[in-house]
Structure formats: C-alpha cells, structure tokens
Amino acid sequence: MAWVEAPAGRYAIMSDKQSNCQIEAQISYRDLIAHKPVGEWSKMAPLRILSFDIECAGRKGIFPEANHDSVIQIANVVTKYGDKKPFVRNVFCLDTTSPIVATQILSFDKEEKMLSSWRDFLEKVDPDIITGYNIANFDFPYLLDRAKHLKVHGFEYWSRTHVKSVAKETNFSSKQMGNRDTKATNTNGRLQLDLLQLIQRDHQLRSYTLNSVCSHFLGEQKEDVHHSMITELFEGTPESRRRLALYCLKDAYLPQRLMDKLSCLENYTEMARVTGVPFNFLLARGQQVKFLSQLCRKALEQKLVIPNVRPESSEEQYEGATVIEPTRGYYDVPIATLDFASLYPSIIQAHNLCYTTLIKKKDIEKWNLKKDEDYVVTPNGDMFVTTKQRKGLLAQILEELLSARKQAKRELAAETDPFKKAVLNGRQLALKISANSVYGLTGATNGKLPCLEIASSTTSYGRQMIEKTKQEVEKRYCIANGYTHDAQVIYGDTDSVMVKFGTKDLAEAMKLGEDASQFVSSKFVKPIKLEFEKVYFPYLLINKKRYAGLYWTKPEKYDKMDTKGIETVRRDNCLLVQTVIEKVLRMILIDQDVPGAQEYVHHTIPSCPLANHSQIRQGHHRGPPAKQD
DNA sequence: GGCGTCGAGCAT
DNA sequence: GATCATGCTCGACGCC
C-alpha cells in the first residue's frame, strides 16, 4: 500500500462516490476538532423539533399492512430547541374525537384528507429535526405506502427541496451490531433522529419497547394500550377515540422527552462535528466512515493521497490481548486496580504506528536506516520509522483528539449552564469514542483500510506491557524490599492488573496503588500512563472476566458494588436469576453474611442444596440454574 | 455423562 | 454494498 505525496498544490483525495467521503477542501481538520465556543449553540434556539407517532387500525392478530389497514391518528408535538414545553400539540384524527386539554384535535371524515392535511402541517411547521420512535422502519414507510395506495396527490414531498421522499430498503450489517434490515427515507434538509435506532445503538437493555425504555430512563410508564385494543377503541365512541388519541399523543411526546433527557441532539451533533460526517450517517452507517472521514481530513492537510484500493477480503486473524490467569477466590483484603489510560491509542502514539510509517526490510537497506534511531521493530516483528523520520497521521490524529478531550473536560468541570454542560459532555464523549475506535479499524480485515501490521503490533506491545507491569509490581513490592507483604497480581485483562498488596488497611492499599502506578508509568514511553483507579474490598474473583466487589475510591465509604460478566449484568437469563444472584452477592460482599446468602438461595429455590462454607470460598457458590419464567 | 462445537453476550 | 477488534465463559445441542 503506497502513500505518496500529492501533486503540488492539488488535492487528490480518495474519491468514494458511494460513501460520500469527499471532503470540502476549505475546512481544515484542526478547525473541526479543536475548541469551538459552545455559545454557538445559542444560535440553535430557533431549531424546531417535530416528534410524531401514528396509529393504524390493524385487523385482528395481523400486523398492519399499508395496502389494507388505514392510518387513523397522527399525533404531533413541536418544540423549539431549549424550551421545556412544546408549542404545538395536536392529533390528526379520523372520525369525531372528544377534546383533550391543551391539545388541538383535528377531525377528518376521510383518510385521504387527513393525510394530505398532515403533509400541509409538516410544510407549515417546517421542522429542522424529525423524531419519533421507530419512525425510520415503520411510520415513514407506512405513511408513504398508505398514501400511494390511496393515491393522495403530492403527499410524498416532505423535504425542503423539491425532492420526493422515498423509503428505501437498506441492509445494515456489521460484526459489531449484527445484521439488521432497515429502511431509510430521505427528508432532504430535515434531520431525522429515530430514538429506537439511537437507543439500540447506545444502550444495552433487556427490552427496547418504548414502554420499557421510558421506564428505564424517565422512571415512568406510558399508558399501555394493547395493540389488539386499537381497532376496538377506534370503532367505539368519540370518548374511546379520545383515549386512543391520548395514547398516541403520549407516544409522540415521549421520544422528545427521551431526547432531552439523554442529550441526544448535543451528543450526536458533536459527534458529527468531530468526525466530519453528515448527521444522518451517525445512525445509518458504521464506525468506519467516521474514521475515514477524519483520516481524509488529516491527509488532505498534509497533501497526502490515500490509496483507493479494495483489499481482498481475508479471514486472517491476529493475536489479541492477554488475560492473566486469575487466582480465583474470595478476598477480604483490599485489591488495588491499576489501569493503562487509553492503552491502544497511547501505544500507537508512543511508537508512531501508522500507515505512513510502516516500512519493510528492503526499505531499510535502501535508505540505510539505523535501528532504534530511525526505525523500531515491534514485538510482533513489524517495522515502523520513528518520529525523527516522519510522524504518523494516526499519532497526530490521536494526539489532537485526546488533547481536545482534555480541554473539553476542563471546560465541563468549570461550566454551570446545564445546556452548555450537555454539549461539552457530548464533545468529550465523541472524542473518546473516536480515539478508541482507531485501533479497531486497523484490524478490520474486511473493511476499507485494514492494516494488520498496525493492529497486531499494537496488541503485541499491549501484551508485553501487561506482563512487564505484573513483573515490576511483584518485584518491587516485596518483603525483601522492606514492605510488609509480598504483593501478588491476582488477575488482569488487556490493560489492567489487580494487585493484592497484602495489607488489610484501605488507605495504605490506595497509597501503594498510587505509588505503583507512578513507578510503573516511569518505565514506559510517553504518553503511556498507568493509573491507579480504585480498590476492591472485598473482592470475589470467580473466573476470567467474571468478578464482583465493592468499589472504593476513598477510604471512608465504598462508592458502589461493581459486578462484571456475572449473570446480574447479562441479558440472556430470566429476571429471577438476575435478582437472586444480585441479592446473594450483596449479602456476601456488603453484609458478609454467607450463611444468610445460602439460606436465601435455598428459600428461593428449594431444590438447591445448601452448600458448605468451603465451597463458597472457592467460588462454587452458585446453585443449579434456575430457569423458569 | 463426557466431549466437541456453536452462538450469545459480555470484558477490555 | 457495507461491515471497528480479540478473548473468554457458559449454556444448548448433537453424538456416542
């Protein structure tokens, strides 16, 4: 893969018509990620946000089909950005409907008239952003199909240009998120934010119905009308249709509330700005375009050409991270946790790993390069030139992303205005995600720009580092060196080590942890840094990637109970399993009441025999699987 | 009942 | 036509 200088004065950036990756030449990369006054958001005050929901009169037991089942109600809520309350609340209803307080009811006798009048409403409100729940896969296509079936003239003009809106079937598939068949409707000039898509991307929940999502984030349930009731209510009286309209209205309002609560608009806008991709890509596309877009900008700045090649897809796998063999058991002494901060990004920076710095053996002879001075050999055997020769694009991108993040975090800490805080937090988050995805993309063998040399060198450095950390800590903190106990690394995964210093005193364990992090950090190239984060006490280490413990950051009181990989955090069990194990862990860790925990399990699941105490200490405390509804 | 394989879901 | 990574545990399932 050749990276060459572009012809003087001309930018030859990889052109990719499909992914619209072409970058406008006048915007510099630095401008995009660098600090921008948050005050610019005040200009967004006039932004109008439409949140809507439709109801259909489905036949019994059949999912509504646009060719058969009519649209009976469309509820709309329009809010100005920054306002607490909407300034428009209305419901377009088929047939007469009793009034609802503070809400405009528009009754129609014909479905065609209702649809075309809703479109006029859309044009009049002229929203900048359209949101709702599952609008991309249901409401938009359904409305379009229905209008087509009823031959409503001019219904499909929803955009701000003279372009018709069309629902297209797209297939979104990625290894990360699995295969998803989605539909996409264009509304040129108006952004779409489907809350279902957003929440499925950003949050892992047991259920994604609007009802359960709202109870999770807003702490309230929507008024649930079973779908079989919808037709029944519609065919009843004005009063029953009013009940349906209320339900529909609430479904329209809740996405707006979720959007505010989760700062979706702020977070996504900042992500679009940092990565330089269109807003709609954030929900419709994957991680790769964001990275490519950033890389294009950086390359453009330096007049570099990114080769437009399609590497043959290979099933090659490379070695990943080390997981230190756990010393399983229950620990009632403090366990200090040391973490490398942004491990992979910092490795890429420290060793200048990049597409533009990768060299081969023949290059070394050709240019007469000197080892360690001009180039380094990674533990994996690949070779990269040092910053003395050329600083890699990836290192520069990461450096800028991470320093921009530090800046955003500083401002966040000083800011008091909740709106500006939300923006800054979104920016900080976007910068972090961007930095962390760089490594993954170099290893994506079926992607656009894989580079296994970078990926496997990164992990090989990581493996070396965690091993060295373990050795250094155990070598230094021992009785022979005047410490009271021999320290022992009992577990570690990728970028972290759990250390048993042996002391029973929390404050002392924290001091040792802090000391160790500084000591080990000094042994590595900048900006690699080992940080002391927390102490677990007590700590239950069940297996690799499965543990629980009380999480302390100050010696006075624990912050929380932390659980990793155990059934309490997994979504593939019934709730009973989750709650029972959660309660048992609480009894063991917080109350330190093991017999009580046994008693509780036995009481809940009588078939579970009472285990003896020694078994629990070995971590075999779980009874037979309790699978039932 | 032990053994291998596969997929889900998590940790990092 | 597009899709960030690997490591690990555990339950389900088929097989003998």
Side-chain angles (χ1 to χ4, degrees), chain A residues 16-21 168-182 184 201 204-206 275 281 284-295 310-311 313 315-326 328 337-348 394 432-452 454-460 462-463 465-466 491-498 533 541-548 562-574 577-578 581 619 622 624-627:
Chain A
D16 181 348
K17 289 190 195 88
Q18 275 74 40
S19 64
N20 280 332
C21 248
K168 263 191 261 173
E169 299 247 354
T170 59
N171 186 336
F172 185 89
S173 80
S174 83
K175 263 189 193 163
Q176 193 180 45
M177 306 223 239
N179 290 357
R180 244 171 233 171
D181 281 323
T182 56
R201 258 187 193 241
Q204 302 206 298
L205 303 177
R206 276 180 166 261
T275 56
F281 278 25
R285 304 280 298 271
Q287 203 71 44
Q288 201 160 173
V289 276
K290 294 193 267 184
F291 167 69
L292 266 184
S293 161
Q294 291 182 83
L295 198 66
R310 205 172 54 79
S313 57
E315 291 292 296
E316 258 185 283
Q317 269 221 330
Y318 61 93
E319 196 179 340
T322 308
V323 183
I324 295 177
E325 189 61 35
R328 297 168 185 81
T337 310
L338 309 177
D339 282 58
F340 283 105
S342 307
L343 177 70
Y344 288 168
S346 68
I347 288 176
I348 293 174
L394 293 184
K432 179 186 168 186
I433 296 170
S434 290
N436 283 338
S437 62
V438 169
Y439 151 74
L441 288 153
T442 60
T445 42
N446 38 7
K448 185 90 188 162
L449 216 58
C451 182
L452 287 192
I454 297 176
S456 54
S457 293
T458 307
T459 55
S460 68
R463 290 194 298 274
M465 284 162 62
I466 195 171
Y491 180 55
D493 187 346
T494 311
D495 62 353
S496 65
V497 287
M498 315 288 192
E533 197 183 26
L541 181 52
I542 299 174
N543 213 336
K544 284 183 176 177
K545 298 177 195 286
R546 288 165 69 85
Y547 61 80
D562 205 17
T563 320
K564 292 287 161 73
I566 305 176
E567 279 73 2
T568 50
V569 295
R570 295 177 67 91
R571 298 169 296 163
D572 54 356
N573 285 90
C574 64
V577 172
Q578 187 177 335
I581 293 183
R622 291 183 309 121
K627 288 267 177 169

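Numbered from 1 within each chain, the chains take letters A, B, ... in sequence-line order.
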Practice problem: Ignoring backbone atoms, establish whether A:Lys544 has a side-chain N or O less than 4.0 Å from OP1 or OP2 of C:dC8. | Solution: yes

Quiz prompt | N or O in side chain of A:Asn543 less than 4.0 angstrom from C:dC10 OP1/OP2 | solution = yes

Exercise. Assign A:Val569 to base, sugar-phosphate, or nothing according to its heavy-atom contacts below 4.0 angstrom with the strands shown.
Key: sugar-phosphate

Quiz item: Taking only residues two or more places apart in sequence, or in another chain, which ones meet A:Tyr439 in a ring-ring contact (aromatic ring centres under 6.0 Å, His included)?
Solution: A:Tyr344

Exercise. Please determine, for the side chain of A:Arg546, which listed nucleotide (C:dA5, C:dG7, C:dC10) has the closest atom?
Key: C:dC10

Quiz prompt | Minimum-distance pair of heavy atoms, taken over all atoms of A:Leu452 and A:Tyr318 | solution = CD2-CD2, 3.7 Å

Quiz item: Base, sugar-phosphate, or nothing for A:Tyr491, non-hydrogen atoms under 4.0 angstrom?
Solution: nothing

Quiz item: Whole-Å distance between C:dT6 P and A:Tyr439 OH?
Solution: 7 Å

Practice problem: Check the surroundings of atom NZ in A:Lys432: do more than 12 heavy atoms from other residues, nucleotides or ligands lie under 6.0 Å from it? | Solution: no

Quiz prompt | Spacing of A:Asp495 atom CG relative to C:dA5 atom C1', expressed in whole Å | solution = 14 Å

Exercise. Give A:Ala455 one of three labels, base, sugar-phosphate or nothing, depending on what nucleic acid heavy atoms sit under 4.0 Å from its own.
Key: nothing

Quiz item: Rounded to the nearest 0.5 Å, how far apart are CZ of A:Arg285 and OG of A:Ser293?
Solution: 11.0 Å

Quiz item: Using a cut-off of 4.0 Å on non-hydrogen atoms, how would the nucleic acid contact of A:Lys564 be classed: base, sugar-phosphate, or nothing?
Solution: sugar-phosphate

Quiz item: Starting at the 5' end of DNA chain C, which residue's closest nucleotide do you reach first, A:Gly320 or A:Ala284?
Solution: A:Ala284

Quiz prompt | Between C:dC8 (C1') and A:Arg570 (CZ): distance, integer Å | solution = 10 Å

Practice problem: Give a yes/no on whether any side-chain N or O of A:Gln317 is located under 4.0 angstrom from OP1 or OP2 of C:dT6. | Solution: yes

Self-check item: Residue of the set A:Val497, A:Thr494, A:Asp493 for which side-chain contact (heavy atoms from CB on, under 4.5 Å) holds with A:Ile466
Solution: A:Val497

Practice problem: Kindly write out the residues that satisfy salt bridge (Lys or Arg N to Asp or Glu O under 4.0 Å) with A:Glu316, not counting sequence neighbours, or none if the list is empty. | Solution: none

Quiz item: What is the minimum heavy-atom distance between A:Pro450 and A:Gly447, and which atoms define it?
Solution: CD-O, 3.9 Å

Practice problem: Give one of base, sugar-phosphate or nothing for A:Phe291, where a contact means two heavy atoms less than 4.0 Å apart. | Solution: nothing

Quiz item: Which two nucleotides bound the region of DNA chain B that has atoms under 4.0 Å from heavy atoms of chain A, read 5' to 3'?
Solution: B:dA8 to B:dT12

Practice problem: Return the 5'-most residue of the pair A:Val323, A:Gly443 with respect to DNA chain C, ranking by each residue's nearest nucleotide. | Solution: A:Gly443

